[in-house]
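Convention: sequence-line order gives letters A, B, ...; per-chain numbering from 1.
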Protein chains: 2
Amino acid sequence: MTGTAEWLDDREQRTWQAFHDMQVLLWRRLGHHLARESGLSEPDYAVLTALAAAPGGRMRPFEISVVTDFEKSRLHHHLTRMVERGLVTREPCLDAPRGAEIALTAAGRDAIESAAPQRAEHVRRWLLQQLTKEQQDALAEISEAVLANLRAAGRPSLGGQDEEPCSPPSC
Amino acid sequence: MTGTAEWLDDREQRTWQAFHDMQVLLWRRLGHHLARESGLSEPDYAVLTALAAAPGGRMRPFEISVVTDFEKSRLHHHLTRMVERGLVTREPCLDAPRGAEIALTAAGRDAIESAAPQRAEHVRRWLLQQLTKEQQDALAEISEAVLANLRAAGRPSLGGQDEEPCSPPSC
DNA sequence: ACACTGGGGTTGATGCATCAACCGCCCCGT
DNA sequence: ACGGGGCGGTTGATGCATCAACCCCAGTGT
């Protein structure tokens, strides 16, 4: 189609395969430890982290969705489950008629404060400690490069050009 | 506890944050493209790839679970959905009483054969082309190092030592 | 004044992931 | 011959992710 080969060459294949497998296993491991030791899921952790950093432990849902990068619907459903478990409360927003406000409960703050150091330890143990300092920096640069490209191509209307969010040659 | 600081230092934090965000966005992008262009999910793709590489397009479920690294239960549920969509069939296994056999249908083979080149293109476009060859190799080495550690610690009874699958100091 | 649009939020349906328990059968030890 | 244990497979329950549609209100244009 676009003149590219059908599949990946050896170097590409090795990189992709290793990256793919590593990533799957790493998330699984981190998620399991988080759940077993803190009773929190990854999205729980993301939401609680955002709330804990906010003044008063309170945020509007759409603010949370910005920092966690969750769709509003996903976030709403997740908040509903978190309310049921007593981690947060959903209150009507005072200065906006149609708005809601999410507030951390005491249990929620306890949960995130006890989970955070464990999380740091796990990230070190399963990822960072396996790498030299040079590799850590290399991984940061790699990630930032890939991320920049993803974000650039994911926002069609931002730089002024009406670029396609799909693949460049033929979409 | 183990003498480690409570949270990550600046270098660690940068690496972790970038890696985390990159990974989330990259999977989202790849998954969306796969779904929109091929009508397949990531697990569909993994299962179909395994089957397409098997002689006759047939495998026992437990064989699939080995190569895809899916739990048997997850795999069973997923296969059920794939059967309903006509991608594979589930047949009683001839030479094993209690066993089943999964076979690729014509539709399943079409799906994977048309999806594979697109997949390769996406992996190149969103990951590999953003990296220099040195970075590709660095990412492969990083991934393999992390993966080796994950796999080693994930199998307590293999080297002879009864090692903990949890963090090393206190589990 | 009135239709339009857009943002914040909600809902329901569907598909995917995980856990726990269970069934049948084979193999092994005694 | 009989009792366990383990493996391949199945089931149901629950939580998470995604999509599409919808509601309400505010601001805007005309």
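- Among residue pairs with one or both ends in residues 40-55 of chain B, those qualifying as side-chain hydrogen bond (donor to acceptor under 3.5 Å, both in side chains) are B:Ser41-B:Asp44, B:Glu42-B:Arg119, B:Asp44-B:His78, B:Asp44-B:Arg85; sequence neighbours excluded.
- For the pair B:Ile102 CD1 and D:dG8 C1', the interatomic distance rounds to 12 Å; values are reported in whole Å.
- B:Gln23 and B:Trp27 share a donor-acceptor pair across their side chains, judged by distance under 3.5 Å alone.
- Between the P atom of D:dT18 and the CH2 atom of B:Trp27 lies a distance of 14 Å, rounded to the nearest Å.
- Under the salt bridge (charged side-chain N to carboxylate O under 4.0 Å, His left out) criterion, the residue pairs touching residues 68-81 of chain B are A:Arg28-B:Asp69, with sequence neighbours excluded.
- Rounded to whole Å, the distance from CZ on A:Arg60 to C1' on D:dC25 is 12 Å.
- Looking at heavy-atom distances under 4.0 Å, B:Arg28 makes no contact with the nucleic acid at all.
- Separating the NZ atom of B:Lys72 from the P atom of C:dA20 is a distance of 13 Å, rounded to the nearest angstrom.
- The phosphate of C:dT10 (OP1 or OP2) has a side-chain N or O of A:His76 nearer than 4.0 angstrom.
- Nearest heavy-atom pair, B:Leu8 versus A:Ala120, reported as atom, atom and distance to 0.1 Å: CD2-O, 3.9 Å.
- The shortest heavy-atom contact between A:Leu40 and A:Ala115 is CD1-CB, 3.9 Å.
- Under the salt bridge (Lys or Arg N to Asp or Glu O under 4.0 Å) criterion, B:Glu12 pairs with A:Arg124, sequence neighbours left out.
- Surrounding CG of B:Asp9 are more than 12 heavy atoms belonging to other residues, nucleotides or ligands, all under 6.0 Å away.
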I'd like a list of close polar pairs between nucleotides 13-16 of chain D and the protein, N/O only, cut-off under 3.5 Å.
residue: D:dC16; atom: OP1; partner: A:Ser41; partner atom: OG; Å: 3.2
residue: D:dC16; atom: OP2; partner: A:Arg81; partner atom: NE; Å: 2.4

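- Every residue meeting the salt bridge (Lys or Arg N to Asp or Glu O under 4.0 Å) condition with A:Asp137, not counting sequence neighbours, appears here in chain and number order: B:Arg11.
- Each of B:Ser73 and A:Leu75 has a nearest nucleotide on DNA chain D; the 5'-most of these lies closest to B:Ser73.
- Of all the residues in residues 61-68 of chain B, B:Pro61, B:Phe62 reach under 4.0 Å from DNA chain D with at least one non-hydrogen atom.
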